Structure formats: C-alpha cells, structure tokens
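Heads up, the thing below is written out as structure tokens.
All chains are named by letter (A, B, ...) in the order of the sequence lines, taking the proteins before the strands, and each is independently numbered beginning at 1. Everything numeric here is computed off the predicted structure, so don't read it as measured data.
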Amino acid sequence: MILSPAQNEMLAGGRGRSLQTAMRMLVAVARACGANDFVPAASAHIGMSVTSLGEAGVEMLEDCAAEGLRFVIPTTTNVLSIDRRDALAPDDNLAHLQKRALAAVQAMGAEGSCSCNPFVQGHLPRAGQSVAWSESATAPYVNAVLGARTNREGATALATALTGVTPRYGMHLEEMRRPAELFTVDADLPDLHSYHLLAAAVCHKSGGGVPAIAGLRGPISADFLFGFCAAFATYANGAMFHLIGITPEAVDEALLFPQGSPPSTRITVASLEEELVRMRGCDPGEAALVVIGCPHASLAQLHAVRELIQGKRLRRGCRVLVHTNATTICAAAQTGLLDDLAVAGVEVSADTCVYVGLSQYPAGTALVTDSAKMAFLMASRGLRTAVASTRECMEAATRN
Amino acid sequence: MTGMGLVGGVAEGPVAASAQPVSVARIDPKDGVLHEAGHVLDGRKLAGTVLVCPTGKGSSSGSYILLNLARRGLAPTAIVSLQADAVLVAGAVLAGIPLISGVAPEHWPALLGASRLRVDGDAQTVVIA
C-alpha cells in the first residue's frame with residue numbers, strides 16, 4: 001500500500017497513540033477492501049450516540065481531545081441519545097456520558113450539528129468530492145443524489161476526520177458506481193410514503209448490484225429523495241442507485257448503459273402494495289406511539305404535521321413524537337409552528353430519536369411511523385411496528 | 001492455513017462458527033451474547049471464542065460494540081473471515097482482536113468445522129488446535 005511520509009509517521013506512532021489507531025484502522029480497512037492508497041476527504045460525518053459509542057468509545061474521543069488533536073477537515077456530528085435542550089438538566093450516567101462525548105468532539109472542532117439529516121442544515125458535499133460519512137441513510141444521498149462519494153462509514157469516519165484521508169475503494173471508484181440492474185416504475189408516487197415503498201420494492205427485487213430506476217418524473221423534493229435513501233439503506237448493503245433523468249450521474253438511459261440496457265424489472269402499484277403488507281406488523285389504529293421524522297424531519301414535514309392535526313385531538317393512550325434537529329426547531333419556533341405543535345400535544349425532539357435515545361419501550365408496543373427505517377429498527381427491538389403515510393399516521397393518532 | 005493478517009497478535013480459543021454473515025452490533029455489550037432471531041449464533045456467548053464467519057453485516061455501530069466488549073473482557077478472542085468488511089476490521093483494530101481475512105475458500109469447511117483454533121495475526125496463520 002502506498003503511504004505518504006506523514007501517513008507512515010502516524011502509522012508508526014510518531015504523532016501519538018490516537019492518530020496511530022486512526023491510521024491503523026484506515027490501513028487495515030484499505031487492505032481488507034483492496035485499496036492501494038488513500039483519497040483526500042473533503043468532510044466527515046461522525047457517529048455520536050452514546051448508545052453505540054459506549055463508555056469505551058466516549059473515552060476514546062476524550063483521549064483524542066486530551067492529546068490536543070483537531071479534526072483536519074470539516075466534521076459534522078450524527079444524532080445524540082439525549083434531547084439537545086436537556087443539556088443542562090440533571091441527568092443519569094448515560095446522559096452525562098453523552099455530554100462528555102459531545103464536549104470532546106466540539107473541542108476538536110466538530111460542528112455540533114447532531115443530526116441524521118445534515119442536508120437540511122446546509123451540509124451538502126459537492127459533486128465529485130470524496131467524503132467519509134457515517135449514518136447509513138446519508139450515504140446513498142451523498143452518492144446518488146449529490147454525486148459526491150462516500151462508502152458506508154462507521155468508526156472509520158472518525159479516523160478520516162482526524163487524518164483527512166479515506167481508503168480508495170468502493171464508492172470512490174468510478175466503476176463501482178455503474179449500474180448493474182434496471183427497474184422501471186409503472187406507478188404514481190404522490191408522497192413520501194410511496195418513495196419508502198419504492199425503495200423497499202427495488203431492494204427486494206434486486207440481485208445486489210447498483211440499481212438504475214427508470215420511469216420517474218422530476219422534480220422530486222429533497223425530502224422524498226432522502227426518504228427513499230433511508231429506506232434503501234435499510235434494505236440494501238449498497239450506497240448507490242440511479243434515478244434516470246433525475247440524479248446527476250444518470251442523465252439518460254443510453255449513457256448509463258452504453259452496451260445496451262439490460263432487461264428491466266417492472267415496479268407496479270401491486271409491487272408497492274406487497275411491500276406495504278410486509279411492513280404492517282400491527283394495525284395503525286392500535287398505535288401507542290406515532291413516530292415522524294426518521295431521518296430528522298424538515299421544516300416542510302413539520303408544517304405537514306401541523307396541517308394534519310389541525311382541528312383534531314390526540315387519541316388517549318397515543319403519543320406523537322416528531323424527531324428533528326435543533327436547527328429546524330429554531331426555524332419552527334420563529335414562526336409559531338413549534339407552539340402550534342406543542343398545543344396540539346405533538347412532542348418535538350431536538351437532535352435525538354427513539355432508536356438511539358435512552359428511553360425503553362416495552363416489547364410489543366405498537367409503533368406506527370412514516371419511515372420504513374424506523375419501523376425496521378424498532379421491530380428489531382421487539383416492538384410491533386407498521387409503516388403508513390404521514391396522513392394515516394396522524395389519523396391513527398387523533399380523534400375529531 | 002494462511003490469510004491476510006489485518007490485526008496482529010496471537011490468540012487461541014473454542015470456535016463459534018457461522019456460515020452466514022455476522023452482525024457484531026447484535027452482540028450485547030453487557031454479556032457478550034449475540035441476539036438475532038433465526039441466526040445460527042443466536043443466544044451464543046461469543047466472549048473468548050474464535051469467531052469464524054464469512055463477513056460482517058448490519059449496523060456500523062458494531063465497531064464500537066467490539067471495543068466496549070474488549071474493554072470488559074467479553075470480546076471474541078480472534079476473528080477469522082473470508083472477506084472482512086470495514087465494520088468488522090475497524091472494530092477489531094479498536095478492540096485489539098487478532099483478525100485474519102481472505103483465507104482460501106478450500107479451507108473454509110475445515111475452519112467452520114473446527115472445534116478450536118489458534119490465530120496468529122502477525123504470522124498470518126490459522127492452525128486447528
């Protein structure tokens with residue numbers, strides 16, 4: 001493997017223990033994945049929730065900070081295990097540990113963005129840039145929608161934030177981004193919900209290669225595209241797709257398949273309905289928890305929730321949780337939107353979510369959400385989950 | 001048998017083998033037991049074992065799970081794989097778990113069937129003990 005003198009020095013421990021560990025991680029991943037060298041990374045998005053870092057992960061971040069290290073590229077942070085506004089509240093051990101983790105990365109220069117939707121905060125890698133972004137939902141958006149390049153990163157994103165490089169394999173290689181399969185959509189996709197179903201249908205019919213999807217008409221909102229990406233990352237191991245005529249590396253089908261198009265798999269209304277049946281582990285009417293905002297809701301999604309709850313009251317025994325980030329909450333507070341939601345009984349959280357949060361929900365709890373990812377993750381915790389459109393979610397939560 | 005030694009060190013232990021990919025994120029950091037309904041290693045305590053699996057899968061938080069397990073003495077003692085993925089590799093580096101990847105497929109059945117293995121990440125060898 002080709003390393004620069006500076007990278008060799010890090011690997012040998014000449015720049016301290018933490019940078020040695022970071023470089024060891026990157027070199028080992030490079031060797032495992034067949035990379036011969038590194039590519040400079042323009043930014044990193046690092047995991048922050050204490051439920052995944054654990055005590056040892058937090059101590060590692062603190063060791064880095066104590067050595068005086070700084071992130072050498074712009075670095076944003078993923079979702080937290082606590083609500084950002086509780087930062088000054090009395091806390092338990094895990095909440096305290098979360099604050100320590102955040103303090104450590106901010107000392108190293110991280111932007112305290114704390115969101116799984118950095119895109120609504122204006123963090124948008126540019127086409128052609130290589131980056132290292134953790135949070136699985138962001139990777140397909142970075143690659144397919146923005147035309148930038150990232151693999152699905154974990155602890156390696158931290159190593160990249162500290163060293164400025166990432167191994168040259170996978171999504172950083174032109175040939176790995178080429179489509180292997182073709183799908184044609186023959187169904188209307190009127191809302192966010194339909195994009196979650198589309199992603200599930202494509203993944204379940206896919207042989208695992210990069211899919212190209214024809215038959216969609218633009219423009220498609222960023223919210224719908226990001227919803228598609230989150231569901232795609234839930235059901236596929238990959239981090240790349242093409243929407244023909246819409247995403248930047250898929251201008252038209254002929255350019256995408258210069259040797260001629262492969263046979264296409266049709267996605268029909270029936271395919272989408274099949275996926276919906278698969279995603280119904282409970283009846284939406286049973287919901288004890290309705291969760292909106294996975295990934296973190298945009299301002300437009302908050303507006304949609306207000307519109308859907310207007311003139312209605314929450315059903316007894318049902319909570320409505322809307323997950324978003326502090327950036328979006330600030331914007332919502334300025335227009336009265338946040339107050340309206342609070343008056344309606346909607347609980348809006350800042351920079352966290354039920355999956356990485358510290359609250360436990362009993363197995364069997366009925367959770368209804370407009371996110372395929374949320375439904376999948378909480379089902380793995382033993383909850384009964386169902387996916388429904390945002391409108392159906394709010395209908396399930398309210399009475400007239 | 002030889003492979004690519006991705007994390008150095010020598011370790012020996014009883015084998016926990018899976019012909020399916022393993023999500024190390026599904027190991028409970030409090031007791032080292034893997035929980036994944038339907039998986040061949042579901043309910044198995046992996047602490048002290050040589051984990052033999054074709055590759056990793058699942059959440060990228062698995063790397064930190066390995067680190068936390070190692071801190072509590074509950075991690076697998078070594079890992080042998082056909083093609084280690086980034087989550088497994090980064091986690092093994094953080095946790096200091098000897099890791100060998102890229103063993104020849106013709107040796108794979110013998111590794112899956114072994115009851116005890118000795119792994120040397122520096123010499124890049126796996127021996128049936």
Side-chain angles (χ1 to χ4, degrees), chain A residues 18 20-35 45-61 78 101 132-136 138-139 151-160 166-167 169-170 233-234 237 239 355-356 373 376-377 379-382, chain B residues 3-9 21 23-30 35-39 42 55-75 79-103 121 124:
Chain A
S18 294
Q20 182 178 36
T21 302
M23 192 48 77
R24 275 185 178 158
M25 246 196 288
L26 295 174
V27 168
V29 168
R31 289 179 65 215
C33 299
H45 182 71
I46 59 173
M48 276 306 298
S49 72
V50 75
T51 47
S52 70
L53 287 169
E55 194 166 354
V58 175
E59 284 169 4
M60 185 176 83
L61 294 174
N78 204 32
W133 279 39
S134 68
E135 170 48 46
S136 64
T138 66
N151 288 311
R152 285 172 71 157
E153 302 279 342
T156 42
L158 174 67
T160 294
T166 186
Y169 76 99
T234 300
N237 290 321
Y355 182 66
V356 303
K373 178 178 181 177
F376 177 85
L377 291 175
S380 78
R381 297 256 175 90
Chain B
M4 186 191 286
L6 293 172
V7 182
S23 171
V24 289
R26 304 301 293 262
I27 305 176
D28 186 336
K30 290 188 290 297
H35 296 284
E36 184 182 339
H39 195 278
D42 182 37
T55 188
K57 65 166 186 178
S59 168
S60 62
S61 64
S63 302
Y64 290 115
I65 296 282
L66 283 180
L67 171 64
N68 282 281
L69 285 166
R71 189 66 61 87
R72 294 172 187 172
L74 293 171
I79 301 174
V80 179
S81 74
L82 280 174
Q83 167 73 67
D85 66 302
V87 171
L88 209 52
V89 173
V93 171
L94 289 176
I97 300 170
L99 168 63
I100 292 203
S101 181
V103 294
Q124 312 197 95

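- The candidate with the highest count of non-hydrogen atom pairs below 4.5 Å against chain A, out of B/Ser81, B/Gly58, B/Ser61, B/Ala25, is B/Ser61.
- Contact tally against chain B (heavy-atom pairs below 4.5 Å) for A/Thr21, A/Leu53, A/Thr156: the top residue is A/Leu53.
- Of the atoms belonging to B/Arg26, it is side-chain heavy atoms, and not backbone ones, that fall under 4.5 Å from chain A.
- For chain B, the option among A/Ala159, A/Gly154, A/Ala56, A/Ser52 with the highest count of heavy-atom pairs below 4.5 Å is A/Ala56.
- Chain A forms the most heavy-atom pairs under 4.5 Å with one residue out of B/Val87, B/Val93, B/Asp85, B/Val7, and that residue is B/Val93.
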Starting from the C-alpha separation in whole Å, work towards a yes-or-no answer on side chain to side chain contact (heavy atoms under 4.5 Å, CB included) for B/His39 and B/Ser23.
CA-CA 10 Å; B/His39 195 278; B/Ser23 171; over 6 Å; no
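- Options A/Arg31, A/Arg24, A/Arg152 differ in how many heavy-atom pairs under 4.5 Å they form with chain B, and the most are formed by A/Arg31.
- Looking at A/Glu59, the atoms closer than 4.5 Å to chain B (heavy atoms on both sides) all sit in the side chain, from C-beta outward.
- B/Gln83 touches chain A through its side chain: at least one heavy atom from C-beta onward sits under 4.5 Å away, while N, CA, C and O do not.
- The side-chain hydrogen bond (donor to acceptor under 3.5 Å, both in side chains) search around A/Glu55 returns none, not counting sequence neighbours.
- Annotation: the span from A/Glu135 atom CD to A/Ile46 atom CD1 amounts to 13.5 Å, rounded to 0.5 Å.
- Side-chain atoms of A/Leu158 and A/Leu61, non-hydrogen and from C-beta on, do get closer than 4.5 Å to each other.
- Per-residue counts of heavy-atom pairs under 4.5 Å with chain B were compared for A/Ser49, A/Ala155, A/Pro167; the largest is that of A/Ala155.
- Summarising the geometry, atom CD1 belonging to B/Ile27 is positioned 5.5 Å from atom CG belonging to B/Leu69; distances are rounded to the nearest 0.5 Å.
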One pair to check against side chain to side chain contact (heavy atoms under 4.5 Å, CB included): A/Tyr355 and A/Thr51. What are the steps and the verdict?
CA-CA 9 Å; A/Tyr355 182 66; A/Thr51 47; over 6 Å; no
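- The shortest side-chain heavy-atom distance between B/Leu88 and B/Thr55 does not fall under the 4.5 Å cut-off.
- At a 4.5 Å heavy-atom cutoff, the contact between B/Ser63 and chain A is made by side-chain atoms alone.
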